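So that the names make sense, note that chain A is the first sequence line, chain B the second, and so on, each numbered from 1. Just so it is clear, the values below take in all heavy atoms, side chains as well, and ignore hydrogens, waters and symmetry mates. Being a predicted model, the structure only gives us computed values, none of them experimental.
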Number of protein chains: 2
Amino acid sequence: MRSRSGGRPTLEEVAARAGVGRGTVSRVINGSPRVSDATRAAVEAAVAELGYVPNTAARALAANRTDAIALVVPEPETRFFAEPYFSDMLKGVGAELSDTEMQLLLIFAGGDRERRRLAQYLAAHRVDGVLLVSVHADDPLPDLLAQLEIPAVISGPRSAAETLTSVDSDNYGGGRSAVEHLLSRGRRKIAHITGRLDVYGAQRRVDGYRDALRDAGQEADELLIEPGDFTEEGGRRAMTKLLGRRPDLDAVFAGSDVMAAGARQVLREEGRRIPDDVALVGYDDSAIARHMDPPLTSVRQPIEEMGRRMIDLLLGEIADRRPAVSRDLERRQVVLATELVTRTSS
Amino acid sequence: MRSRSGGRPTLEEVAARAGVGRGTVSRVINGSPRVSDATRAAVEAAVAELGYVPNTAARALAANRTDAIALVVPEPETRFFAEPYFSDMLKGVGAELSDTEMQLLLIFAGGDRERRRLAQYLAAHRVDGVLLVSVHADDPLPDLLAQLEIPAVISGPRSAAETLTSVDSDNYGGGRSAVEHLLSRGRRKIAHITGRLDVYGAQRRVDGYRDALRDAGQEADELLIEPGDFTEEGGRRAMTKLLGRRPDLDAVFAGSDVMAAGARQVLREEGRRIPDDVALVGYDDSAIARHMDPPLTSVRQPIEEMGRRMIDLLLGEIADRRPAVSRDLERRQVVLATELVTRTSS
DNA sequence: AGGTACTGTGGGAGCGCTCCCACAAGTGAT
DNA sequence: ATCACTTGTGGGAGCGCTCCCACAGTACCT
């Protein structure tokens with residue numbers, strides 16, 4: 001029961017089979033309401049009998065869309081797998097996309113070469129939209145996307161003046177809550193190991209740290225702030241420096257769980273007990289936090305939820321752009337609340 | 001300097017600009033040798049001036065190919081991120097693909113729902129070929145691919161009678177080498193925690209284990225063999241059973257590092273020293289093996305290399321099929337050597 | 001009765017390529 | 001000079017859809 005030339009059945013063949021025109025079949029396939037029930041049933045029967053599956057290439061050509069979006073990770077694969085952040089986000093993205101026709105592509109653009117390939121790829125408009133995660137302040141990718149007029153949503157704005165639609169967690173509030181928690185536990189000399197400061201979110205956590213101290217009538221002591229780089233080794237280095245400068249510190253707020261793990265090692269080596277001598281708070285509430293000894297108090301970001309919201313917004317942008325509708329510039333910056341998960345390290 | 005209607009430039013426009021015909025531009029774009037140097041230069045100049053990028057959809061429609069291949073993972077995302085196996089394979093795949101026009105899609109098909117979506121996807125011929133990893137014995141996916149006549153390469157054949165092109169590491173040899181190593185260290189009561197036995201590779205490791213013992217004049221003791229499931233918890237369970245049945249065992253060969261980690265915990269709890277009382281050997285040589293205490297002797301599989309070979313073979317199959325050339329059925333089952341990495345656990 | 005509106009349908013035009021046939025021009029043997 | 005190739009080139013046809021215009025049919029107003 002195969003069609004002409006042994007190939008896959010076409011719209012036209014379905015139309016012939018159902019005794020209707022091409023347009024009608026197209027309408028049924030695309031769920032247009034302007035089809036009578038009887039006709040719809042006839043077409044659906046023909047589709048089933050022939051095992052018809054639309055030709056995506058033809059559709060893409062005619063409709064000028066691809067029904068695909070890309071999750072672009074401007075990091076090497078290794079990093080992607082190492083950080084649970086991405087896995088959680090992917091879960092949210094996948095979930096939100098699962099009742100859609102959209103196909104998700106995962107594109108790594110760590111090196112220069114991959115960068116160039118990606119630029120070509122985007123220039124060819126091979127995707128309808130882009131999800132951008134983990135972007136640094138000076139990354140030109142967002143501007144390229146804007147120039148190509150490709151709908152895009154960024155996770156973590158590059159700055160307060162981000163022009164792209166973005167979804168973020170409340171890094172400022174997260175930083176505040178960590179410090180407020182430590183203050184409430186009676187800590188007074190609270191150090192902060194920051195993330196990479198060219199990441200806006202890390203910057204905001206520092207702001208939260210500062211303001212929480214200020215609101216408690218305590219000006220931040222610059223010697224208690226040491227920049228890290230989100231790695232374990234960076235956490236170790238920062239902790240060592242902090243202990244050298246302020247041996248009397250009684251708490252550490254690290255900008256990520258991984259850095260907290262590094263800090264913990266140094267504290268142990270120096271004979272400081274956690275939390276008795278020094279309280280420790282991390283950020284991300286990743287698996288590391290739960291398995292650390294002692295279990296780590298950490299600021300949880302709703303990463304999966306962020307993934308879902310990003311898809312929401314992106315699909316919205318894509319839909320908006322289709323009939324060249326006016327775009328509302330409000331509510332393009334979504335910020336989700338964080339939550340402090342208290343464990344025995346503080 | 002943009003083309004008609006503000007859209008992207010088309011082949012036709014490039015042709016006009018270069019003062020040649022459409023066919024000629026197409027030949028240049030596709031690297032046909034049948035173009036004079038002067039013409040080629042003119043076309044390339046026009047392409048550069050207009051910033052021409054071919055429309056993939058149109059090409060796909062006209063040429064009946066997609067220039068995309070899928071890496072299908074019949075597991076939930078979680079598993080994918082948890083096991084370093086996938087990350088290494090992806091690295092090899094990416095590397096081998098990087099000087100190609102092929103786009104790689106990553107598709108997870110853990111649940112039933114995803115399965116059905118994937119089937120639709122494949123039926124629509126949205127990829128030119130498929131890479132299949134981690135397939136169980138009773139998985140219908142390979143047959144679906146065969147039926148749809150989609151080129152595919154499988155990592156780890158389903159059985160000795162695998163019909164699909166496959167790339168595998170020498171599981172049999174790996175199992176042998178682990179046991180031979182333990183024998184050479186003077187161990188005589190060597191237990192084996194197997195992987196999931198519906199995975200052909202796990203089965204083969206058992207075969208290697210058995211044959212190595214037999215060749216040493218020692219028949220395998222069935223009470224020393226306990227099936228696991230590749231998880232840490234499974235390793236614990238199996239180890240507990242083995243110790244119960246054969247408290248005098250002096251070595252354990254685990255079918256994966258993760259299971260070895262589980263076994264190690266139980267051995268510790270039972271007060272057995274590693275390697276003094278019980279020698280331990282794992283499989284995969286993953287990060288776990290290096291970081292274990294004591295560092296774990298393990299059988300290394302060249303996973304990245306496997307990824308590269310899979311792409312090689314797949315691209316070959318795709319190319320072969322294009323002009324309906326006869327296919328050679330030899331060398332369709334590639335087996336790569338494993339290597340025992342000796343550390344202090346044995 | 002005529003008008004106006006809406007609903008459902010058919011099919012032409014066209015999306016931007018590749019494939020392939022036709023053909024001009026050049027090359028070398030006869 | 002003729003023929004037979006080869007090389008380089010132009011452009012028609014067609015890939016399988018979507019978009020949209022045209023139009024028949026029906027419904028409901030004047």
**Student:** For residues 140-152 of chain B, please give each side-chain donor-acceptor pair under 3.5 Å, one per line with the distance, not counting sequence neighbours.
**Tutor:**
none

**Student:** Could you tell me the separation between the CD atom of B:E13 and the P atom of C:dG16, rounded to a whole number of Å?
**Tutor:**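 Rounded to whole Å, this separation is 8 Å.
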**Student:** To the nearest Å, give me how far apart CG (B:D37) and P (D:dG8) are.
**Tutor:**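 About 9 Å, once rounded to whole Å.
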**Student:** In degrees rounded to 10°, what angle is found between the helical axes fit to the five outermost pairs at each end of the helix from C:dA1-D:dT30 to C:dT30-D:dA1?
**Tutor:** 40°
**Student:** Are any of the side-chain heavy atoms of B:I311 and B:R308 separated by less than 4.5 Å?
**Tutor:**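 In short, these two side chains do not touch, never coming nearer than 4.5 Å.
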**Student:** Could you tell me whether B:E114 and B:R117 have a side-chain N and a carboxylate O separated by less than 4.0 Å?
**Tutor:** no
**Student:** Any side-chain heavy atom of B:V167 within less than 4.5 Å of one from B:D312?
**Tutor:**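 Heavy-atom side-chain distance check fails, nothing below 4.5 Å.
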**Student:** Look at the side-chain N and O atoms of A:T39 and state whether any lies under 4.0 Å from the OP1 or OP2 oxygen of C:dG8.
**Tutor:**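 It does not, given that no N or O in the side chain of A:T39 lies less than 4.0 Å from OP1 or OP2 of C:dG8.
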**Student:** Among residues at least two apart in sequence or on other chains, which ones pass salt bridge (charged side-chain N to carboxylate O under 4.0 Å, His left out) with A:R116?
**Tutor:** none
**Student:** Grab the two heavy atoms, one from B:Q333 and one from B:E162, that are nearest each other, plus how far apart they are.
**Tutor:**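 Smallest interatomic distance, heavy atoms only, reads NE2-O, 3.5 Å.
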**Student:** Any side-chain N or O of B:S36 less than 4.0 Å from the OP1 or OP2 oxygen of D:dT7?
**Tutor:**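 Checking B:S36 against D:dT7: no side-chain N or O falls below 4.0 Å of OP1 or OP2.
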**Student:** Which pairs, protein N/O on one side and nucleotides 18-24 of chain C N/O on the other, fall under 3.5 Å?
**Tutor:**
| residue | atom | partner | partner atom | Å |
| --- | --- | --- | --- | --- |
| C:dT18 | OP1 | B:N30 | OD1 | 3.4 |
| C:dT18 | OP1 | B:N30 | ND2 | 3.0 |
| C:dT18 | OP1 | B:R59 | NE | 3.0 |
| C:dT18 | OP1 | B:R59 | NH2 | 3.4 |
| C:dT18 | OP2 | B:S26 | OG | 2.6 |
| C:dT18 | O4 | B:R22 | NH2 | 2.9 |

**Student:** Which residues pass the salt bridge (charged side-chain N to carboxylate O under 4.0 Å, His left out) test with A:E77, not counting sequence neighbours?
**Tutor:**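 With neighbours one apart ignored, the set is empty.
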**Student:** Rounded to the nearest 0.5 Å, how far does NZ of B:K91 lie from CZ of A:F108?
**Tutor:** 11.0 Å
**Student:** Give the rounded distance in Å between these two atoms: CD of A:E12 and C1' of D:dC17.
**Tutor:**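 In whole Å, D:dC17 C1' and A:E12 CD are 10 Å from each other.
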**Student:** Taking atom C1' of C:dG16 as reference, at what distance in whole Å does atom CG of B:L50 sit?
**Tutor:** 15 Å
**Student:** How close or far is atom P of D:dG16 from atom CZ of B:R126, stated in whole angstroms?
**Tutor:** 17 Å
**Student:** Can you list, pair by pair, the side-chain donor-acceptor contacts under 3.5 Å of residues 93-106 of chain A, counting residues two or more places apart and other chains?
**Tutor:**
| residue | atom | partner | partner atom | Å |
| --- | --- | --- | --- | --- |
| A:S98 | OG | A:A95 | O | 2.9 |
| A:T100 | OG1 | A:L97 | O | 3.2 |

**Student:** Want to settle it: does B:R34 or A:A57 sit nearer the 5' end of DNA chain D, counting the closest nucleotide to each?
**Tutor:** B:R34
